[in-house]
Q: 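Below is one structure. I have some questions about it.
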Amino acid sequence: MNAAGGVVALYGAGQVNTRVAQYLATRHGWTVRGPFGRNERNNAFRSGADVVVIATTSFLREVAPDIEAAVEGGANVITTAEEAAYPWANDPDIADRLNALAVARDVTILGTGVNPGFAFDALVVAASGGTSSVRSIRVTRVVDLSAFGGAVLRRI
């Protein structure tokens, strides 16, 4: 895999991976496998992908077995699980286990989510980088939840 493309498997067939699939379909050089629903878990992790994007849950303990399966399959992993952004704060034992596995397999694991992660962290830091002094930052996000499925709505 390189900046020009590769094979991406998408595990989790909700709104996030559906949008990722649509985006990657417009980019030259990317082969997209999925999105795979939860009943197609093995297809995602045994797809021979360079990267597996896991967009199923926010919680480290719940997503850890999926991360392990993807890494065991030789894939780099990106997960939308917010707790995986800094997993040692949530469960140091799981974080150490995932880190050791990734090092042993020579792959990477990136945990990020929209909140926290992009909208309330990375975007704000990037936007404030053009100045030498920041007195305050206020971030407001409004989300239309109507496109989400029942599982997400129940959790929210």
Q: Which heavy atom of Thr80 sits nearest to which heavy atom of Ala55, and what is that distance?
A: OG1-CA, 3.3 Å
Q: Which pairs with one or both residues in residues 34-76 pass ring pair (Phe, Tyr, Trp, His ring centres under 6.0 Å), sequence neighbours excluded?
A: Tyr11-Phe45
Q: I'd like to know if the side chain of Asn90 reaches the main chain of Glu83, judged simply by a donor and an acceptor atom lying under 3.5 Å from each other, with no hydrogens or angles considered.
A: yes
Q: Does atom CG of Asp106 have more than 12 heavy-atom neighbours from other groups under 6.0 Å away?
A: no
Q: What residues, two or more places apart in sequence or in another chain, satisfy side-chain hydrogen bond (donor to acceptor under 3.5 Å, both in side chains) together with Thr108?
A: Asn76
Q: Residues two or more places apart in sequence or in another chain: which of them pass ring-ring contact (aromatic ring centres under 6.0 Å, His included) with Tyr86?
A: Trp88
Q: Considering residues at least two apart in sequence or located in another chain, which fulfil the side-chain contact (heavy atoms from CB on, under 4.5 Å) criterion with Ala102?
A: Val107, Ile109
Q: Tell me the closest heavy-atom pair linking Ala21 and Pro35, and the distance in Å.
A: CB-CD, 4.1 Å
Q: Please name the pair of heavy atoms, one in Ile94 and one in Ala64, separated by the smallest distance, quoted to 0.1 Å.
A: CG2-CB, 3.7 Å
Q: Using modelled atom types and a 3.5 Å cut-off, is there a donor and acceptor pairing between side-chain atoms of Ser58 and backbone atoms of Glu82?
A: no
Q: Is there a chain of hydrophobic side chains (I, L, V, M, F, W, Y, each step under 4.5 Å between heavy atoms) that links Ile54 to Ile78?
A: no
Q: Kindly state each residue pair satisfying salt bridge (charged side-chain N to carboxylate O under 4.0 Å, His left out) with at least one member in residues 52-77, sequence neighbours excluded.
A: Arg41-Asp66, Arg61-Asp91, Glu68-Arg97, Glu72-Arg105
Q: Quick one: do Val20 and Leu110 end up in the same hydrophobic cluster if we chain Ile, Leu, Val, Met, Phe, Trp and Tyr together by side-chain heavy atoms under 4.5 Å apart?
A: yes
Q: Are Tyr23 and Trp30 linked, directly or through other ILVMFWY residues, by side chains that come within less than 4.5 angstrom of each other?
A: yes
Q: Side-chain heavy atoms under 4.5 angstrom apart, residues restricted to Ile, Leu, Val, Met, Phe, Trp, Tyr: same cluster for Val51 and Leu10?
A: yes
Q: For Asn17 and Val53, run side chain to side chain contact (heavy atoms under 4.5 Å, CB included): C-alpha distance rounded to whole Å, both residues' side-chain angles, the deciding distance at 0.1 Å, then the answer.
A: CA-CA 8 Å; Asn17 271 343; Val53 178; 3.3 Å; yes
Q: What's the spacing between Gln22 CD and Leu24 CG if we round to 0.5 Å?
A: 10.5 Å
Q: Closest heavy-atom contact between Ala70 and Val77?
A: CB-CG2, 3.6 Å
Q: Going hydrophobic residue to hydrophobic residue with side-chain gaps under 4.5 angstrom, can you get from Val52 over to Ile67?
A: yes
Q: Taking all heavy atoms of Ala81 and all of Val63, pick out the closest pair and write down the distance.
A: CB-CG1, 3.8 Å
